[in-house]
Amino acid sequence: MSAPSESKEIQVVNDPGGRILDRKVQIEIANRSNARIRIVGDYCNSSCTMLLGADDVCVSSETLFGFHGPFRVNRTKMTAEEFDKQSASLSTYYPRPIKNWFMSKARFAGPDEYLYVSGAYLIGLGVQECV
């Protein structure tokens with residue numbers, strides 16, 4: 001008889017974002033361990049929004065999600081081709097309705113400005129609500 005499997009959760013609260021590579025690793029670890037990512041709190045900004053692409057994620061209807069497009073760390077201008085390539089790469093971490101919105105609108109927000117949507121809006125697009 002096997003032991004009951006433990007339910008693993010990663011709680012994300014008031015996350016300002018950070019390095020994209022670190023976020024990719026966090027998503028990979030969560031997916032490999034079948035952990036649920038719970039995004040709650042007041043905000044989830046920048047690379048934190050990539051967590052929406054994890055295999056098992058839920059959001060609070062009250063959380064604000066701040067999106068912006070790709071940029072270089074040193075803030076030098078990207079070529080149009082580089083910007084499109086980086087935008088497309090980032091968008092792969094979003095469920096389809098969010099991906100479409102990101103590619104048509106949010107990616108054009110600069111690194112110091114965000115386009116915000118609520119968790120309630122994301123739930124309306126099909127993201128699971130945390131209960």
Side-chain angles (χ1 to χ4, degrees):
M1 183 173 193
S2 62
S5 64
E6 279 186 44
S7 174
K8 299 175 186 135
E9 288 190 346
I10 299 168
Q11 186 132 319
V12 177
V13 181
N14 299 340
D15 190 320
R19 290 175 21 128
I20 289 173
L21 181 58
D22 294 341
R23 202 60 73 173
K24 287 179 179 180
V25 170
Q26 183 182 18
I27 293 166
E28 185 178 314
I29 290 169
N31 289 347
R32 262 192 283 147
S33 64
N34 296 315
R36 165 170 271 199
I37 296 178
R38 295 176 50 87
I39 305 174
V40 297
D42 296 326
Y43 60 89
C44 169
N45 291 338
S46 194
S47 70
C48 176
T49 65
M50 292 170 61
L51 296 172
L52 294 167
D55 290 345
D56 187 3
V57 63
C58 67
V59 301
S60 164
S61 63
E62 303 299 314
T63 303
L64 281 181
F65 291 78
F67 293 80
H68 64 76
F71 64 92
R72 290 190 178 126
V73 174
N74 65 6
R75 308 283 173 116
T76 58
K77 188 165 174 59
M78 290 182 178
T79 65
E81 182 180 336
E82 183 182 15
F83 179 77
D84 286 343
K85 182 179 177 184
Q86 293 298 322
S87 296
S89 177
L90 276 175
S91 76
T92 64
Y93 287 90
Y94 301 131
R96 178 144 324 273
I98 299 164
K99 176 182 182 172
N100 294 342
W101 172 79
F102 176 80
M103 290 301 288
S104 67
K105 292 193 177 17
R107 73 182 180 134
F108 298 108
D112 296 318
E113 60 180 323
Y114 293 101
L115 286 184
Y116 288 99
V117 296
S118 67
Y121 178 79
L122 296 176
I123 292 163
L125 292 178
V127 176
Q128 190 169 359
E129 182 174 13
C130 296
V131 289

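Count residues from 1 along the sequence.
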* Quick check: does any side chain N or O of N14 sit under 3.5 Å from a backbone N or O of D42, one acting as donor and the other as acceptor? -> yes
* **CA sep, side-chain torsions, deciding dist, call: H68, N45, side chain to side chain contact (heavy atoms under 4.5 Å, CB included)** => CA-CA 9 Å; H68 64 76; N45 291 338; over 6 Å; no
* Heavy-atom pair with the smallest gap, counting every atom of K99 and S91 -> CE-OG, 3.4 Å
* Atom CG in D22, atom CD in Q26: separation rounded to 0.5 Å? -> 9.0 Å
* Evaluate the side-chain proximity of V59 to F65: yes if any heavy-atom separation is below 4.5 Å, no if none is. => yes
* Asked: Is the count of non-hydrogen atoms from other residues, nucleotides or ligands lying under 6.0 Å from E82 atom CD greater than 12?
  -> yes
* Asked: Angle class for the F102/F67 ring planes (parallel below 30°, perpendicular above 60°, tilted otherwise)?
  -> tilted
* So, does N31 use its side chain to make a donor-acceptor pair with the main chain of D55 at under 3.5 Å? -> yes
* Can you find a heavy atom in the side chain of I39 that is under 4.5 Å from one in the side chain of L52? -> yes
* Where is the tightest heavy-atom contact between L115 and A106, given as atom of each residue plus distance? -> CD1-CA, 3.4 Å
* Asked: Should K77 and F83 count as side-chain neighbours, where that means a heavy-atom distance under 4.5 Å?
  -> no
* **Qualifying residues under side chain to side chain donor-acceptor pair (under 3.5 Å), relative to T63, sequence neighbours excluded** => none
* Asked: Is any NZ, NE, NH1 or NH2 atom of the basic residue among E28 and R32 found under 4.0 Å from an Asp or Glu carboxylate oxygen of the other?
  -> yes
* Is there a donor-acceptor pair under 3.5 Å between the side chain of S47 and the backbone N or O of G18? -> yes
* **Heavy-atom side-chain contact between I10 and L51 under 4.5 Å** => no
* Structure fact -> Minimal heavy-atom distance between C48 and D15, with the atoms involved, is SG-CB, 3.6 Å
* To do: Look up atom CD1 in I98 and atom CG in L125, then write down how far apart they are to the nearest 0.5 Å.
  => 6.0 Å
* Heavy-atom donor-acceptor pair, S89 side chain to K85 backbone, under 3.5 Å -> no
